[in-house]
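We name chains A, B, ... by the order of the sequence lines, and we start the count at 1 in each one.
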2 protein chains.
Amino acid sequence: MQEPTGLEQLICFELYAASRAMTGLYRPALEAAGITYPQYVALRVIWQRTRISVRELGTILQLDSGTLSPLLKRLETQGLITRRRGTDDERVVWITATPQGSALQAQVADLPQRLACALDLTAEDVTTLHTLLTRVRSAAATKSTTL
Amino acid sequence: MQEPTGLEQLICFELYAASRAMTGLYRPALEAAGITYPQYVALRVIWQRTRISVRELGTILQLDSGTLSPLLKRLETQGLITRRRGTDDERVVWITATPQGSALQAQVADLPQRLACALDLTAEDVTTLHTLLTRVRSAAATKSTTL
DNA sequence: ACCACTTCAGTTGTGCACAACTAGATTGCG
DNA sequence: CGCAATCTAGTTGTGCACAACTGAAGTGGT
């Protein structure tokens, strides 16, 4: 930091800027796969289950239906997932990866490792960072009325 | 973390989630002041200078004119800043806080401290987090073609 | 002086984030 | 049972993030 802008003292701003920088790091590879970063994290969760409801996906990603509905609609249009109303409870929509969607998994499998290397962080740094970020997130979530 | 979603291993996702959680923590106070979080960080930089160009503001915030132009337009409409074309170099637009805009500064002055307390982080944690986030951001920015 | 190159802010189009709301399905209490 | 409260996903509207582009203004080489 060369100039005293005051921003560098704000953890909040560092989080905001670092998050966008990381997303930018993922962008080229994800663009090649035809998806965006939020779509990628949603797919990661979907890939791990035979099916998942919009609600549970939202709980994991901390996103509401206002964000997820259009995002999932786009994934469905691309043929990467299917959406089906539940028969027992017609309120819930079950999401499943299509074969085409599952195929994408292989294409982006090594991304996190490749990009983590680019950050020049030691394993210890990653652990520390992960611990602190989790604490910040849960503390912020607790105090907030949102979600 | 109760379930193995795979996301919790992703520094990238933790950054993304923590950043949104922090923004949510700021939201109620900023909403009371009539501004959004990105407008707040932009104003913090503007408050520290008698004037600043859109370009320099963008360099500090890591945002391009595509994001800043409409954001600054809204701040101008609210009467918080003025925008004036330079006389020597007519390409640059100089931004200045209005008295009304400067008055807002007092209203949100204690925000970072109040909210930092809510996170239950020690001074050491904050320093560690800040250092790691800065490293992540600069590393990501270096590898990226963006900006 | 000429002109290709660069710089700056702004516009357009797409997609995300979130508040506020809607509509239908389900639940549970009296 | 009847019906109000709750829960689900989706829609609408606002504002941010970013790619791609525009147009005007400045710059440098010849």
Side-chain angles (χ1 to χ4, degrees), chain A residues 13 16-28 30-31 34-43 52-59 61-78 83-95 141 144-147, chain B residues 13 16-28 30-31 34-43 52-59 61-78 83-95 141 144-147:
Chain A
F13 176 74
Y16 164 70
S19 175
R20 285 187 292 120
M22 278 295 288
T23 303
L25 207 56
Y26 273 78
R27 190 168 295 117
L30 293 179
E31 199 170 342
I35 57 177
T36 65
Y37 178 74
Q39 288 169 9
Y40 166 70
V41 289
L43 281 173
I52 186 171
S53 68
V54 173
R55 159 154 186 68
E56 191 181 358
L57 183 60
T59 302
L61 300 177
Q62 294 290 296
L63 291 170
D64 64 9
S65 66
T67 300
L68 286 177
S69 286
L71 184 152
L72 295 170
K73 200 173 182 178
R74 282 185 283 271
L75 288 179
E76 189 181 36
T77 303
Q78 288 191 265
R83 290 192 292 172
R84 237 186 304 280
R85 284 272 167 195
T87 48
D88 49 336
D89 187 338
E90 291 188 21
R91 286 172 306 182
V92 333
V93 166
W94 293 102
I95 300 155
S144 174
T145 55
T146 322
L147 284 174
Chain B
F13 176 75
Y16 163 69
S19 175
R20 285 187 293 119
M22 278 296 288
T23 303
L25 207 55
Y26 273 77
R27 189 169 296 115
L30 294 179
E31 198 169 342
I35 56 176
T36 65
Y37 178 74
Q39 289 169 9
Y40 166 70
V41 290
L43 281 173
I52 186 172
S53 69
V54 173
R55 162 156 183 68
E56 190 181 358
L57 184 59
T59 302
L61 300 178
Q62 295 290 295
L63 292 170
D64 65 7
S65 66
T67 299
L68 286 177
S69 286
L71 185 153
L72 294 170
K73 200 174 182 176
R74 283 186 282 271
L75 288 178
E76 190 181 34
T77 302
Q78 289 192 266
R83 289 192 292 171
R84 236 186 304 280
R85 283 271 166 196
T87 47
D88 49 335
D89 187 338
E90 291 189 21
R91 286 173 307 180
V92 333
V93 166
W94 293 102
I95 300 154
S144 173
T145 54
T146 323
L147 286 173

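Straight-line distance from the CZ atom of A/Arg27 to the P atom of D/dA17: 12 Å, rounded to whole Å. Distance, A/Trp94 CH2 to D/dT8 P: 11 Å, rounded to whole Å. Taking atom CD of B/Gln39 as the reference point, atom C1' of C/dC18 lies 15 Å away to the nearest angstrom. The interatomic distance linking A/Leu63 (CG) with C/dA19 (P) rounds to 11 Å, in whole Å. In this structure, the CG atom of B/Leu30 is 14 Å from the P atom of C/dC18, given to the nearest Å. Here the P atom of nucleotide C/dC8 and the CG atom of B/Asp64 are 13 Å apart, to the nearest Å. Separating the CZ atom of A/Arg84 from the C1' atom of D/dA9 is a distance of 17 Å, rounded to the nearest angstrom. Atom CG in B/Leu72 sits about 16 Å away from atom P in C/dC8, given to the nearest Å.
If you check C/dA17, D/dA9, C/dT11 against the side chain of A/Arg85, the one that comes closest is D/dA9. Here D/dA17 is the nucleotide among D/dA19, C/dG10, D/dA17 with the atom lying nearest to any side-chain atom of A/Arg20. In the set D/dA9, C/dA17, D/dA17, the nucleotide with an atom closest to the side chain of A/Tyr16 is D/dA17. Of all nucleotides listed (C/dT11, D/dA19, C/dA17), C/dT11 comes nearest to the side chain of B/Lys73. Comparing C/dA19, C/dA17, D/dA9 by their nearest atom to the side chain of A/Ser53 picks out D/dA9. Closest to the side chain of A/Thr36, out of C/dG15, D/dT11, C/dC18, is C/dG15.
Side-chain N/O atoms of B/Arg83 include none lying less than 4.0 angstrom from OP1 or OP2 on C/dA9. OP1 or OP2 of D/dG10 lies within a sub-4.0 Å distance of a side-chain N or O belonging to A/Ser69.
At least one donor-acceptor pair under 3.5 Å links the side chain of A/Ser53 to the backbone N or O of A/Glu56. Distance alone, capped at 3.5 Å, is enough to place a donor-acceptor pair between the B/Ser69 side chain and the B/Ser65 backbone. Looking at B/Arg55, its side chain never comes within 3.5 Å of a backbone N or O of B/Val93 through a donor-acceptor pair.
Remark: B/Glu90 pairs with no residue by the salt bridge (Lys or Arg N to Asp or Glu O under 4.0 Å) rule, at least two apart or across chains. With sequence neighbours left out, the side-chain hydrogen bond (donor to acceptor under 3.5 Å, both in side chains) criterion links B/Arg85 to no other residue. Applying the ring pair (Phe, Tyr, Trp, His ring centres under 6.0 Å) test to A/Tyr40 and every residue at least two apart in sequence or in another chain returns A/Tyr26. Taking the salt bridge (Lys or Arg N to Asp or Glu O under 4.0 Å) definition, one finds that A/Arg83 meets it with A/Glu76, sequence neighbours left out. Considering only residues two or more places apart in sequence or on other chains, B/Arg84 meets the side-chain hydrogen bond (donor to acceptor under 3.5 Å, both in side chains) condition with none of them.
Comparing A/Pro70 and B/Glu31 against DNA chain C, the residue whose closest nucleotide sits nearer the 5' end is A/Pro70.
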Letter per nucleotide, 5' to 3', of nucleotides 21-29 of chain D [B base touched, S only sugar-phosphate touched, - untouched; heavy atoms, 4.0 Å]: ----BS---
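Note on B/Leu71: only backbone sugar-phosphate atoms sit closer than 4.0 angstrom, heavy atoms only; bases stay farther off.
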